[in-house]
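Remember, it's a predicted structure, so these values are computed and weren't measured experimentally. Computed from heavy atoms alone, side chains included, the values below leave out hydrogens, waters and symmetry copies. Start at 1 and go down the list; that is how both ligands and their atoms are numbered.
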Amino acid sequence: MSQTAAVSTVEVDLPHLSSGKVRELFDLGGDGLLFVASDRISAYDVVMPQAIPDKGRLLTGMSIFWFGATSDICPNHYVPTPLENLPRAAREDLAALGGRHMVVRRLEMLPVEFVVRGYLVGSGWKDYKRTGAVCGIALPPGMREAEQLPEPIFTPATKATVGHDENISEAQAADLCPPGTLKIARDYAVGVYRRAADYARNRGIILADTKFEFGLDPASGEVTLADEVLTPDSSRFWPADRWEPGSTPPSLDKQYLRDWLDAAAWDHSPPAPDLPPDVVDRTRAGYVEAYERLTGRTFDA
Ligand code: PZK
């Protein structure tokens, strides 16, 4: 496949609630929201001019797979919904989205990113080198970049409206949430990470770290897993056979794109350069590989 389609915008005839860099949220009325993943891709925090065909569908499929595989650990916001049960105005749009949408329950979101790390990389590695700790959690001395941690750790972060999320202590995170909810969500986050990391490791993929969001179900008050979960956009996936402590392994999904951008000497300020078809194709292949290895299903485009 060699497609360089224009970046796909999402067209849905529903009130629009929120836009992320590569996904959108719409209001279904009542207690329902519509979560839509686009085919857009970002690198170095900039959205690329070309879309990755099927990316939205692959990520949505992965999220739905993981919601099913972890529903015994914690409640989640996903509500499997046949198209017939959706507002008439949205039905045709949704059919056209081709598997890029999820109906989810409206929650009161906790204002904290629930990051769980099993390996020392990214901002965790930076903090460790500077202070010997990550989010106030002291770690053994002499650890190397990308090394596996003795146990997965919970490293909360603020949800920055602009710029990067900032790591905070667990006490600071607890102060931002309704009483008693932080610890429940933390234990859910670590439990889901452990389940997914074990599962992925058996399929040749290291789940280095991941970011969850939680909310409170307004009807029951239950802490509920939200957002997309355990996708390449919310997680670091490494091919296990390329992992070697001392340097950061390649990303299963974005390495080919990043290497191409690096070789193009792009300075990371928008706009990003146009991606040639082979870069789009190779990047798409990384997402298909992640989907197929993790879900055990063949992706039929
Ligand atoms: C919610 N986001 C982030 C996601 C965007 C922005 N179940 C929920 N109930 C209430 N609010 C949210 C959710 C979820 N998930 C999520 N912001 C609000 C977000 C997708 C696209 F533009």
**Q** With heavy atoms under 4.0 Å as the rule, classify the contact between Glu24 and ligand 1 as side chain, backbone, both or neither.
**A** backbone
**Q** For Ser19, is the nearest heavy atom under 4.0 Å from an atom of ligand 1?
**A** yes
**Q** Could you check whether Tyr44 and Asp262, counting side-chain N and O atoms only, form a donor-acceptor pair closer than 3.5 Å?
**A** yes
**Q** Parallel, tilted or perpendicular, judged at 30° and 60°: which one describes the rings of Phe26 and His16?
**A** perpendicular
**Q** What do we get for Leu33 next to ligand 1 when only non-hydrogen atoms under 4.0 Å count, side chain, backbone, both or neither?
**A**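 Just the side chain.
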**Q** So, are Lys159 and Asp165 salt-bridged, with charged N and O less than 4.0 Å apart?
**A** no
**Q** Suppose we measure from atom 9 (N) of ligand 1 to each protein heavy atom; which comes out shortest, and what is that distance?
**A** Leu107 N, 2.9 Å
**Q** Quick one: does any side-chain atom of Thr181 pair with a main-chain N or O of Pro178 as donor and acceptor, under 3.5 Å?
**A** yes
**Q** Go through the side-chain N and O atoms of His164 and Asp45 and say whether any donor and acceptor fall under 3.5 Å apart.
**A**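 Side-chain D/A pair, His164 to Asp45: present.
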**Q** To the nearest 0.1 Å, how far is atom 7 (N) of ligand 1 from its closest protein heavy atom, and which atom is that?
**A** Arg105 O, 2.7 Å
**Q** Within ligand 1, which atoms have a heavy atom of Asp227 less than 4.0 Å away?
**A** 15 (N)
**Q** Give a yes-or-no answer on whether the side chains of Ser123 and Arg117 include a donor-acceptor pair shorter than 3.5 Å.
**A**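 Ser123 vs Arg117: donor-acceptor pair found between side chains.
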**Q** For residues Ser19 and Glu24, is any side-chain donor paired with an opposing acceptor at under 3.5 Å?
**A** yes
**Q** Considering only non-hydrogen protein atoms, determine which one is nearest to atom 6 (C) of ligand 1 and report residue, atom name and distance to 0.1 Å.
**A**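 Residue, atom and distance for the closest contact: Ser18 OG, 3.5 Å.
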**Q** What's the shortest distance from atom 20 (C) of ligand 1 to any protein heavy atom, and which residue and atom give it?
**A**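 Checked against all protein heavy atoms, atom 20 (C) of ligand 1 sits closest to Phe35 CE1, 3.5 Å.
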**Q** Can you name the atoms of ligand 1, numbered from 1 with element, that are less than 4.0 Å from a heavy atom of Arg106?
**A**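 This gives 9 (N) as the contact atoms.
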**Q** Any N or O on His77 sitting closer than 3.5 Å to an N or O of ligand 1?
**A** yes
**Q** Which label fits Tyr291 and Phe299: parallel for a plane angle under 30°, tilted from 30 to 60°, or perpendicular past 60°?
**A** perpendicular
**Q** Mark up the atoms of ligand 1 that fall under 4.0 Å of a heavy atom belonging to Gly20, in ascending order.
**A**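 Once the distances to Gly20 are compared, the set is 5 (C), 22 (F).
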**Q** Could you check whether Tyr199 and Arg195, counting side-chain N and O atoms only, form a donor-acceptor pair closer than 3.5 Å?
**A** no
**Q** Considering non-hydrogen atoms of the protein only, which is the closest contact for atom 18 (C) of ligand 1, and what is the distance?
**A**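 Protein heavy atom at minimum distance: Leu25 CD2, 3.5 Å.
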**Q** Check this for me - ligand 1, Met109, N or O atoms closer than 3.5 angstrom, yes or no?
**A** no
**Q** What do we get for Arg23 next to ligand 1 when only non-hydrogen atoms under 4.0 Å count, side chain, backbone, both or neither?
**A**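 The answer is both, backbone and side chain.
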